Amino acid sequence: MSSTATQPGTSYLLRKLHSFTGVLPVGAFLAEHFWSNSSVLVSAEKYNATSQELQNIPFRLIVEWCGIFLPMLFHGGYGLYIWVRGKSNVSAYPWVGNWLYVTQRYTGMVAFAYIGWHLYTERWLTHGTSTYENVRMDMQNPFYLTFFIVGVLASSFHLGVGIWNFLSNGGWRPP
Amino acid sequence: VKAQQAAGSLGALVGVVFSVVGILIVLSFRFDWHPFSAYLPRK
């Protein structure tokens, strides 16, 4: 067996890392984000209390950058790189797996754009002190509301297919 | 093959559950709607 067969290349390892970061920490953060935001289903006060608690966690900036922003930037950036370099063969082989693969790329791009916008409006513009009233007012804007719904659906679909890929083959796909 | 089917089922479940919960959160903000407010102790 040649040495190249036993030593995976950088691209292979990056793809594994790309798949892994989509589940941990990015997917896990999405689960936590939905869980904490579900407080709004109880009451506005409960949402504000949960939000306040998250705003006051120790080492907040380190947690945000190392646990959320940087992994997301890597996952999104490398995902775009894979997409740009890859060639779709869905028209030649219109199998369900191929359709899911292509749809996952499109939903990933939509989710990446949405998350960037979501971070800008709800994290940066509010200086990390977003309240129920801030978000409620945003939702009165039809553009915001539509983008929220599209972003939520794209992110959920992308994560679902990502989990399937990750558990099926560790994120490896033939180039 | 069975493991891949299980992985697919889990992925589908996550996709559907996250979509539903996410839309519920959006609707809650949009319509000032709090379906679990009954959890709060009555004064």
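Everything numeric here is computed off the predicted structure, so don't read it as measured data. Letters go in sequence order (proteins before strands), and every chain restarts at 1.
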- Item | Part of A/L30 within contact of chain B (heavy atom distance under 4.5 Å) |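 Contact with chain B involves both backbone and side-chain atoms of A/L30.
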- Query: Tell me, side chain or backbone of B/L40 under 4.5 Å from chain A's heavy atoms, or both, or neither?
  - Reply: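 For B/L40, side-chain heavy atoms alone lie under 4.5 Å from chain A.
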- Message: For the CZ atom of B/F36 and the OG atom of A/S38, what is their distance to the nearest 0.5 Å?
- Response: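 Spacing of CZ (B/F36) from OG (A/S38) equals 8.0 Å.
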- When rounded to the nearest 0.5 angstrom, what distance separates CD1 in B/I25 from OG in A/S36?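 Rounded to the nearest 0.5 Å, the CD1-OG separation comes to 8.0 Å.
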Would you say [X] and [Y] are hydrophobically clustered, going by side-chain heavy atoms of ILVMFWY under 4.5 Å?
| X | Y | value |
| --- | --- | --- |
| A/L125 | A/L61 | yes |
| A/L119 | A/V110 | no |
| A/W35 | A/L54 | no |
| A/I62 | A/W65 | no |
| A/F34 | B/L13 | yes |

- Using 30° and 60° as the class limits, which term best fits the ring planes of B/H34 and A/Y132: parallel, tilted or perpendicular?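 Aromatic pair B/H34/A/Y132 classed tilted.
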- Quick one: which residue pairs count as a side-chain hydrogen bond (donor to acceptor under 3.5 Å, both in side chains) with a foot in residues 76-86 of chain A, not counting sequence neighbours?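 Residue pairs with at least one partner in residues 76-86 of chain A: A/Y81-A/R85.
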- Task: Sorted by first residue and then second, give each side-chain hydrogen bond (donor to acceptor under 3.5 Å, both in side chains) pair with at least one member in residues 5-24 of chain B; sequence neighbours left out.
- Result: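 For residues 5-24 of chain B: none.
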- Pairs flagged by salt bridge (Lys or Arg N to Asp or Glu O under 4.0 Å) wherever residues 48-60 of chain A is involved - sequence neighbours left out: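 Matches after skipping sequence neighbours: A/R60-A/E64.
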- Message: Heavy atom to heavy atom, less than 4.5 Å: which residues from residues 134-159 of chain A reach chain B?
- Response: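 Answer by number: A/V135, A/R136, A/M139, A/Q140, A/L145, A/F148, A/I149, A/V152, A/L153, A/S156, A/L159.
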- Query: Would you say A/V42 and B/S37 make side-chain contact, with heavy atoms under 4.5 Å?
  - Reply: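 SC-SC contact between A/V42 and B/S37 ruled out.
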- Query: So do the side chains of B/L10 and A/W164 get within less than 4.5 Å of each other, counting heavy atoms only?
  - Reply: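 No - every pair of side-chain heavy atoms lies 4.5 Å or more apart.
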- Using a cut-off of under 4.5 Å for heavy-atom pairs, which of A/L100, A/I163, A/V161, A/V40 has the most such pairs with chain B?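 Answer, by heavy-atom pair count under 4.5 Å with chain B: A/V40.
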